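The structure presented is a predicted model; accordingly, all values stated were derived computationally and were not measured. As a basis for the values below, the full set of heavy atoms in this structure was taken, side chains included, without hydrogen atoms, waters or symmetry mates.
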Number of protein chains: 2
Amino acid sequence: MIENNDTSAQDSCDENPAFNNRHNHQDCISSALDKAQALCRTRNSRLTPVRKRVLELIWQSHKPLGAYQILSQLAADGFNSAPPTVYRALDFLLEHGLLHRIASLNAFIGCNNPNHNHHGYFLICRSCGSAQEIEAGNLSTYLRKNASAAGFVIESETVELSGLCPLCLEQQGHSQSDK
Amino acid sequence: MIENNDTSAQDSCDENPAFNNRHNHQDCISSALDKAQALCRTRNSRLTPVRKRVLELIWQSHKPLGAYQILSQLAADGFNSAPPTVYRALDFLLEHGLLHRIASLNAFIGCNNPNHNHHGYFLICRSCGSAQEIEAGNLSTYLRKNASAAGFVIESETVELSGLCPLCLEQQGHSQSDK
DNA sequence: TCATTGGTGTAATGTTATAACAGAACCGGC
DNA sequence: GCCGGTTCTGTTATAACATTACACCAATGA
Ligand SMILES: [Zn+2]
Ligand SMILES: [Zn+2]
Ligand SMILES: [Zn+2]
Ligand SMILES: [Zn+2]
């Protein structure tokens with residue numbers, strides 16, 4: 001199942017992990033936690049148990065997770081679980097660039113490039129719920145240039161594109177041919 | 001590049017009304033209501049008093065309005081005012097393209113191009129709260145092309161850019177020079 | 001007329017997020 | 001070690017946003 005035969009990928013999460021069900025997802029999780037650990041050390045910030053657990057829960061799939069879903073998992077773990085607990089952890093992780101908030105879903109997803117100060121955008125599958133962050137690059141430049149033509153200065157970008165991922169498209173194709 | 005060369009704007013609302021405090025805003029409102037009226041007639045839909053009033057309230061400024069703000073205004077008008085009332089009206093207006101929902105603000109703003117089936121994006125001033133819809137044009141094409149390279153098919157786009165509008169930038173400049 | 005449809009009234013509830021304040025844990029200086 | 005400031009957590013309550021479910025009514029068209 002999770003075999004990766006003919007790709008020389010060492011880091012299986014660098015490609016398009018969310019829409020590739022053959023990648024080794026344990027690597028995604030542990031790599032994200034390692035990065036977070038390192039980043040917090042260099043910044044003299046504390047990745048406390050709650051914060052770490054929240055980050056881990058969010059990374060346990062590539063589907064954006066709602067605050068109250070996280071909350072109930074924390075409760076199952078025996079952590080304290082009242083809304084402020086999880087929102088404080090989320091705020092911390094957001095501030096450090098370890099997460100992004102998906103406004104159109106009221107949900108949160110891990111960022112696997114927390115060091116680089118970037119503007120990403122998201123492809124979100126409406127069928128399976130997976131989301132994939134894409135580096136904005138030109139897009140951001142383009143938007144800023146256009147905005148400045150109107151005298152507007154962009155400070156933050158929310159670009160969330162909903163549709164069907166490759167995996168769900170394939171499945172839909174199958175079910176259509178069944179008709 | 002998004003260039004819009006046909007700047008034969010007679011209608012004072014076609015330019016950049018949200019960020020132009022000198023435009024005749026009554027024209028914005030009445031033109032929006034007229035368009036809605038006409039559009040509903042051709043579609044055999046009913047622009048009932050509540051629906052019309054909600055649309056009017058939303059158009060009374062260029063700032064996205066929350067559902068409960070609308071609700072309290074309806075109450076002041078003597079309309080029934082429970083959440084379903086306003087959400088039903090909003091759903092109707094959204095379906096007919098007369099409004100857009102701003103996910104990052106949980107708020108609603110009028111669309112002044114309800115006939116044309118389009119993908120707009122928004123410039124939202126974090127200081128004064130005004131928002132301006134920009135026709136997407138090439139942006140949409142670009143996003144879809146990039147997504148399809150990842151095997152993803154976009155169905156809907158949420159592009160909300162937050163920052164400072166020209167008017168607020170100018171004010172900020174003044175207050176800075178006061179230092 | 002009567003059934004159908006679409007719109008509204010109303011109560012209750014669900015979901016997402018924050019305020020406010022008390023207490024505990026951590027950390028640097030002594 | 002102990003102290004004092006800061007940061008983190010616990011707890012209660014509430015704010016803000018949105019939906020469900022069901023009853024009623026009014027327009028439409030056999
Ligand atoms: Zn993964
Ligand atoms: Zn999918
Ligand atoms: Zn106007
Ligand atoms: Zn402004």
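- For the pair B/L47 CG and C/dG7 P, the interatomic distance rounds to 11 Å; values are reported in whole Å.
- Rounded to an integer number of Å, the gap from CZ of B/R53 to P of C/dT8 is 16 Å.
- Separation of atoms CG (A/L164) and CG (A/L169) is listed at 5.0 Å; rounding is to 0.5 Å.
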Reading nucleotides 7-26 of chain D from 5' to 3' and marking B where a protein heavy atom lies under 4.0 Å of the base, S where only the sugar-phosphate is that close, and - otherwise, the string is -SBBBB----BBBB------
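- Within the structure, no pair that satisfies the salt bridge (Lys or Arg N to Asp or Glu O under 4.0 Å) test touches residues 95-122 of chain A, not counting sequence neighbours.
- Note on residues 125-143 of chain A: pairs passing salt bridge (Lys or Arg N to Asp or Glu O under 4.0 Å), not counting sequence neighbours, are A/R126-B/E155.
- In this structure the side chain of B/Y121 reaches within 4.5 angstrom of the side chain of A/L143, judged on heavy atoms.
- Rounded to a whole Å, the CZ atom of B/R43 is 16 Å from the P atom of C/dG6.
- Within the structure, salt bridge (Lys or Arg N to Asp or Glu O under 4.0 Å) pairs that include any residue of residues 57-86 of chain A comprise A/R53-A/D77 (at least two apart or interchain).
- Under the 3.5 Å distance criterion, the side-chain polar atoms of A/Q69 are matched with a main-chain donor or acceptor of A/G66.
- Every side-chain hydrogen bond (donor to acceptor under 3.5 Å, both in side chains) that A/R144 has, sequence neighbours left out, goes to A/H119, A/S140, A/E157.
- With a 4.5 Å cut-off on side-chain heavy atoms, A/R51 and A/V54 do not count as touching.
- Note on the helix from C/dT1-D/dA30 to C/dC30-D/dG1: terminal axis deviation equals 20°, with five pairs used at each end and the result rounded to 10°.
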